[in-house]
Amino acid sequence: MKSACPYCGVGCGVAVKGRFQPGSLTKQPEIVGDLSHPANHGALCVKGSALKESLSIPKRLLYPRLGNKEVSWPDATGYIAQKLKETVAKHGPDSVALYVSGQLLTEDYYVANKLMKGFIGTANIDTNSRLCMSSAVAAHNRAFGEDLVPVHYDDIATSDLIVIVGANTAWTHPVLFRRIQQAREANPDLRLVVIDPRRTTTAEQADLHLPIANDGDVLLFNGLLRYLSDHHALDDEFIAMHCEGFDSLKAEISRDQYRLARCAESLGLSREQLNTFYAMFRDTPNTLTLFCQGINQSANGTDKANAVINCHLATGRIGKPGAGPFSLTGQPNAMGGREVGGLANQLAVHRGFDPESVAAVGDFWQAPNMTTQPGLKAVELFEAIHQGKIKFVWVIATNPVVSLPDSRKVAEALARCECVVVSDISPEADTAAFADVLLPAAGWGEKDGMVTNSERMISRQRAFLSPPGEAKADWWAICEVAKKMGFSGFDFATVADVYREYAALSRINRDSPYLFDISSLSSMTDAEYADWQPQRWPLGRESHLFSDGVFPTASGRANLITVRHREQAARPGVWWLNTGRQRDQWHTMTRTGHIARLAESETEPTVYMHPLSASQSQLTEGQLVSLGYDGNSMLAKLAVDEGLSSNQLYMSMHWAGAFGFASRVNQMVAPEVDPVSGQPAFKSAGVTLSPTRAASYGIWMGDQPPPFETDFLSFQTGDKVNLWRFACSTPLSKSHLYGLTPQALVIDDAGNGGWTALMTAGTRLTAMCLVSEQPLRSDPQPYTALFDKAFSVSAFLALAMQGQAPSKLVCSCFRVTDRQIMHAIEQHGLTSLAGLQAQLKCGSNCGSCLGEVKALLKQTQVNTEEAVTEGEQG
Ligand SMILES: Nc1nc2c(c(=O)[nH]1)N[C@H]1C(S)=C(S)[C@@H](COP(=O)(O)OP(=O)(O)OC[C@H]3O[C@@H](n4cnc5c(=O)[nH]c(N)nc54)[C@H](O)[C@@H]3O)O[C@H]1N2
Ligand SMILES: Nc1nc2c(c(=O)[nH]1)N[C@H]1C(S)=C(S)[C@@H](COP(=O)(O)OP(=O)(O)OC[C@H]3O[C@@H](n4cnc5c(=O)[nH]c(N)nc54)[C@H](O)[C@@H]3O)O[C@H]1N2
Ligand code: SF4
Ligand SMILES: [Mo]
């Protein structure tokens with residue numbers, strides 16, 4: 001059976017082989033890449049390769065809950081409907097809200113939007129796409145008149161210059177990155193430029209990396225436009241025939257700040273670096289510019305995206321094979337959600353709130369309470385909850401207590417809210433703790449529906465498992481509530497019915513400038529829906545959007561938007577905290593945190609800084625530090641990363657729930673948003689950082705958490721035994737541990753003043769605790785093998801004697817560490833990737849780690865060459 005991966009916006013197809021039996025996921029069936037899917041041609045990244053394991057999450061929500069009681073679905077939906085009606089009757093429709101997700105299927109999204117905007121009569125439905133794509137959406141709307149991505153994945157193969165700006169594609173859209181690497185192999189002229197203030201894995205693999213200052217993007221692209229203009233490299237004819245707004249933009253870029261030399265200085269680049277990029281762009285008509293959260297998640301994210309689009313419009317590099325601005329979508333159905341109008345400021349089928357659109361959509365829905373105004377955007381929406389203006393909120397398929405900025409305040413808002421409903425698959429999602437009503441959702445593999453990926457390819461997710469307990473599809477739950485509220489128009493018998501209605505609605509765009517029209521699918525039969533093969537819309541059209549130079553604006557011309565770079569105010573005493581993703585985790589970890597091989601690449605909440613900054617601040621790797629923002633603090637472990645600039649810190653967004661406990665990074669991120677899109681500036685938080693004295697550092701391994709109080713705690717899933725990393729501000733003493741676990745055997749480690757406690761039952765080791773006054777440098781992983789067999793102290797001592805130097809997981813698919821790679825290279829004198837892969841297989845499955853593997857090979861070669869040269873000299 002064919003389906004689509006539920007993680008990123010690449011939208012890879014998967015093939016499910018064999019039959020799944022509920023409760024026996026370890027048996028035969030396999031989930032592999034779908035060779036016939038146009039997005040991935042069979043490839044999967046490390047997260048996609050772990051989909052089977054992701055299905056067995058430790059705790060599933062199985063029954064609806066009201067307070068602490070399990071209730072039936074009719075009782076739960078009846079209660080929600082009643083609450084909604086009462087609240088609307090008492091306080092008006094704007095006192096209720098839905099907060100949904102780019103991980104919903106199109107049909108879920110459609111009915112949620114219809115219920116709120118047409119029937120309850122409020123546009124207070126926003127989505128986590130606000131945190132993700134809304135700046136790109138706003139920029140597309142401003143430039144093109146409609147939220148459209150004009151690029152196809154196939155363009156990668158015909159491009160000669162790929163610019164990746166504000167994206168760590170090798171980690172976040174790995175299968176697409178692999179396609180880029182394949183194109184580079186096939187076309188030696190294809191160059192890759194990466195623009196990112198961090199030297200990421202993606203940047204390391206580029207021909208040119210521009211480590212620009214934070215939020216320097218508008219300056220960089222306005223500077224590019226200025227350069228192109230000065231070098232007569234603009235497409236005057238395209239501008240004259242197909243664009244508006246050039247005069248104003250031209251006046252802007254004539255300002256002195258956009259001269260190359262000034263740009264380079266402000267961006268922290270050399271003139272040569274900047275000139276190299278500008279000249280490459282000038283000389284390469286087939287240019288693609290890929291962008292993601294380094295652009296979108298910014299206080300000027302919409303301007304940044306328009307600065308990129310301007311350069312493509314002004315050079316006519318749009319609507320053609322191999323050229324165009326390419327906004328990468330984050331979530332699997334962020335694009336589908338934009339199409340149905342899941343954002344509070346969109347209506348449906350790409351329409352806004354102009355009277356004509358409101359009337360057209362309202363007529364189609366036969367809506368009794370059609371809303372005429374945009375609703376509150378995510379950050380404002382939770383602010384309104386905090387202020388008590390919104391008294392009912394239903395959160396579906398997103399975890400805002402972790403993922404919204406200023407997350408403590410979000411938690412406070414939910415705690416105050418009169419009625420909070422949460423639909424999730426996991427009872428352990430942080431937001432679930434605030435629910436008055438918890439609804440068990442059917443998850444990936446258990447439900448059917450459509451998704452649209454980054455290149456507008458519509459694919460089917462298919463059910464191949466029955467949902468556990470009473471979990472139900474989200475669209476069904478929403479329709480049940482709508483029906484119980486007395487609304488007609490939600491009586492869908494199947495999910496295909498929902499899709500057909502949605503497709504039919506898009507017919508209102510037929511004789512309008514809007515291009516989104518999938519109405520030919522409204523007559524799809526059930527069998528056709530079941531057999532749906534991936535298709536890109538506009539359906540049946542191979543040529544690119546805008547290939548005719550016509551844009552869906554009133555004039556038919558695209559808008560060049562005049563955007564201005566503004567120097568940032570200095571933030572003395574404050575570190576710049578950049579946040580984003582790790583290769584092996586998905587968002588708030590509810591679906592990937594329990595997979596041991598994915599948990600190994602970042603094992604605890606970690607804040608990274610440049611090694612020189614660390615030594616200047618007298619900080620050492622592995623020590624506990626405290627970040628501070630707005631009177632709050634948060635603990636994390638310090639690690640060094642040479643890819644960061646001296647004032648920059650980096651932390652991943654993932655740590656949450658039972659993995660990161662108190663260390664959730666968004667407690668440290670101010671709720672600053674882009675004024676146009678409302679998207680939060682997650683990439684430029686300002687924090688203080690100070691060392692925190694820990695008297696004991698340790699790792700507890702066992703089935704149960706450590707039985708003592710800790711001041712810092714994080715959890716890592718292991719496959720032999722689980723690991724808790726901790727730190728205590730008062731020393732953890734041996735006698736204290738004896739008191740708690742009298743059967744402990746304690747062995748001193750004379751080397752570092754630490755000790756190890758071993759807890760046994762019969763011949764089995766049940767728990768082990770490594771403790772030190774200093775940050776632990778040893779790798780606990782080898783010790784986990786002790787839990788696998790009959791225990792002997794000598795086995796422990798043998799491992800301890802070897803000294804377990806820290807190592808880092810490089811290849812998650814085959815679980816190969818950097819130490820193993822270095823060892824293999826040295827042991828066997830390997831010089832090639834093929835030779836290394838013959839030994840260890842690293843990087844031979846999903847390829848996400850190839851950059852790191854190659855870097856290690858190169859590093860050892862450099863070391864060897866140095867040794868040889870030194871030898872020769874000597
Ligand atoms: N492994 C993994 N993959 C994922 C996800 C996941 O959770 N895990 N989530 C998916 C989702 S929803 C999304 S939205 C995407 C996000 O995909 P990406 O946007 O590629 O990922 P991020 O790590 O958020 O950030 C991208 C980069 O922006 C850089 N950046 C920060 N500030 C600036 C700036 O001012 N200018 C520029 N040019 N760059 C800057 C950061 O250093 C970072 O490397 O990933 C998707 N894929
Ligand atoms: N600091 C910082 N914060 C960020 C970002 C950043 O880069 N830095 N990135 C932002 C971005 S781009 C994004 S997209 C967000 C993501 O943030 P969230 O959307 O909050 O993260 P997820 O963990 O994906 O949350 C999805 C939830 O839905 C549940 N779920 C899974 N499947 C289903 C289902 O079928 N139905 C239902 N009802 N529930 C389901 C999961 O268990 C989980 O609790 O984070 C944003 N926050
Ligand atoms: S790149 Fe990875 S996470 Fe993204 S859709 Fe493909 S397999 Fe899934
Ligand atoms: Mo996202």
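Values below: all heavy atoms of this structure, side chains included; hydrogens, waters and symmetry mates excluded. The residues of the chain are indexed from 1 along the displayed sequence.
- If you take NZ on Lys320 and CZ on Phe546, they are separated by 13.5 Å, rounding to the nearest 0.5 Å.
- Between the side chains of Ser426 and Asp424, no donor N or O sits under 3.5 Å from an acceptor N or O.
- Residues Gln535 and Gly540 approach most closely at OE1-N, 4.4 Å, considering heavy atoms.
- To the nearest 0.5 Å, atom CD1 of residue Ile195 and atom CZ of residue Phe291 are 12.0 Å apart.
- A donor-acceptor distance shorter than 3.5 angstrom exists from the side chain of Trp444 to the backbone of Ala4, with no hydrogens or angles considered.
- To the nearest 0.5 angstrom, His544 atom NE2 is 13.5 Å from Leu148 atom CG.
- A donor-acceptor pair is defined here as one N or O able to donate and one able to accept, closer than 3.5 Å; such a pair exists between the side chain of His209 and the backbone of Asp196.
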Output, in order, the C-alpha distance, side-chain angles, deciding distance and verdict of side-chain hydrogen bond (donor to acceptor under 3.5 Å, both in side chains) for Thr106 and Asn333.
CA-CA 7 Å; Thr106 300; Asn333 198 32; 3.2 Å; yes
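- None of Arg591, Lys59, Arg60 except one satisfies the salt bridge (Lys or Arg N to Asp or Glu O under 4.0 Å) rule with Glu428; the exception is Lys59.
- Side-chain contact of Asn509 with Arg351: a donor-acceptor pair under 3.5 Å is present, judged by distance alone.
- A donor-acceptor pair under 3.5 Å is absent between the side-chain atoms of Thr592 and the main chain of Gln585, judged by distance alone.
- Using a 30° and 60° split on the angle between ring planes, Tyr499 and Tyr502 fall in the perpendicular class, above 60°.
- Between the side chains of Asn845 and Ser49, at least one donor-acceptor pair of N or O atoms lies under 3.5 Å.
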Any chance you could lay out the side chain to side chain contact (heavy atoms under 4.5 Å, CB included) test for Ile31 and Leu55, step after step, and finish with the verdict?
CA-CA 11 Å; Ile31 300 175; Leu55 290 170; 4.1 Å; yes
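- Judged by distance alone, the side chains of Glu602 and Ser652 do bring a donor and an acceptor atom under 3.5 Å apart.
- For the pair Ser159 (side chain) and Asp155 (backbone), a donor-acceptor distance under 3.5 Å is absent.
- Here the closest non-hydrogen pair linking Ile295 and Ala305 is CG2-N, 3.6 Å.
- Relative ring orientation between Phe551 and Phe144 is described as parallel, the plane-to-plane angle staying below 30° on a 0-90° scale split at 30° and 60°.
- Between Asp154 and Arg179, at least one side-chain N (NZ, or NE/NH1/NH2) sits under 4.0 Å from a carboxylate O, which counts as a salt bridge.
- The closest side-chain donor-acceptor pair between Gln181 and Gln205 falls under 3.5 angstrom.
- Judged by distance alone, with hydrogens and angles left aside, the side-chain atoms of Ser101 form a donor-acceptor pair with the main-chain N or O of Ala397 at under 3.5 Å.
- Note on Asp147 versus Arg338: salt bridge recorded, some NZ/NE/NH1/NH2 to OD/OE distance being below 4.0 Å.
- Between Thr289 and His312, the side chains place a donor N or O and an acceptor N or O closer than 3.5 Å (distance only, hydrogens not considered).
- The shortest side-chain heavy-atom distance between Glu542 and Arg536 falls under the 4.5 Å cut-off.
- To the nearest 0.5 Å, atoms CD (Gln297) and NZ (Lys304) are separated by 10.0 Å.
- For Thr590 (side chain) and Ala429 (main-chain N/O), no donor-acceptor pair under 3.5 Å exists by modelled atom type.
- Checking side-chain atoms of Arg462 against main-chain N and O of Ala530 turns up a donor-acceptor pair under 3.5 Å.
- In this structure, Arg460 satisfies the cation-pi test against Tyr529, with its NZ or CZ atom closer than 6.0 Å to the six-membered ring centre and inside 45 degrees of the ring normal.
- Side chain of Thr200 to main chain of Ala203: a donor-acceptor pair is present (N/O by atom type, distance under 3.5 Å, no hydrogens or angles).
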Evaluate the criterion side-chain hydrogen bond (donor to acceptor under 3.5 Å, both in side chains) for residue pair Ser601 and Arg583; output intermediate values, then yes/no.
CA-CA 8 Å; Ser601 50; Arg583 186 188 65 192; 4.8 Å; no
Kindly indicate, with the supporting measurements, whether the criterion side chain to side chain contact (heavy atoms under 4.5 Å, CB included) is fulfilled by Gln103 and Asn128.
CA-CA 9 Å; Gln103 293 167 70; Asn128 65 359; 4.1 Å; yes
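- Scanning both residues, Ala183 and Ala157, for their nearest heavy atoms gives CB-CA, 4.3 Å.
- Note that CD of Gln461 is 11.5 Å distant from CE of Met450, once rounded to the nearest 0.5 Å.
- The shortest side-chain heavy-atom distance between Lys472 and Pro440 does not fall under the 4.5 Å cut-off.
- For the pair Leu539 and Ser520, the tightest heavy-atom approach, listed with the atom from each and the gap, is CD1-OG, 3.6 Å.
- In this structure a side-chain-to-backbone donor-acceptor pair under 3.5 Å is present from Asn296 to Cys132.
- Two residues are said to be in side-chain contact when any heavy atoms from C-beta on lie closer than 4.5 Å; Arg456 and His152 meet this criterion.
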Test Asn453 against Ser459 for side chain to side chain contact (heavy atoms under 4.5 Å, CB included), laying out the working first.
CA-CA 8 Å; Asn453 76 359; Ser459 296; 5.8 Å; no
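- Checking Tyr109 against Thr127 by side-chain atom types alone, a donor-acceptor pair falls below 3.5 Å.
- Considering all non-hydrogen atoms of both residues, Leu61 and Leu439 come closest at CD2-O, 3.6 Å.
- Asn141 is listed as a side-chain neighbour of Gln346, based on a closest heavy-atom distance under 4.5 Å.
- Tested against Val193, the residues Asp207, Leu161, Ile164 include a single side chain to side chain contact (heavy atoms under 4.5 Å, CB included) partner, Leu161.
- Between the NZ atom of Lys47 and the OG atom of Ser848 there is a distance of 7.0 Å, given to the nearest 0.5 Å.
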Assess whether side-chain hydrogen bond (donor to acceptor under 3.5 Å, both in side chains) is satisfied between Asn40 and Asp34, documenting all intermediate values.
CA-CA 7 Å; Asn40 59 318; Asp34 174 4; over 6 Å; no
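- With a 4.5 Å cut-off on side-chain heavy atoms, Glu446 and Pro468 count as touching.
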Take His587 and Asn399 through the test side chain to side chain contact (heavy atoms under 4.5 Å, CB included) and record every step on the way to the result.
CA-CA 9 Å; His587 296 166; Asn399 197 0; over 6 Å; no
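- With contacts defined as side-chain heavy-atom distances shorter than 4.5 Å, the pair Arg191/Thr284 qualifies.
- Leu850 is not listed as a side-chain neighbour of Arg178, based on a closest heavy-atom distance of 4.5 Å or more.
- With Gln331 contributing its side chain and Thr329 its backbone, the two residues share no donor-acceptor pair below 3.5 Å.
- Looking at Ile478 and Ile396, their side chains come closer than 4.5 Å, going by heavy atoms from C-beta outward.
- What you find for Gly593 and Ala599 is that their closest heavy atoms are O-CB, 4.3 Å.
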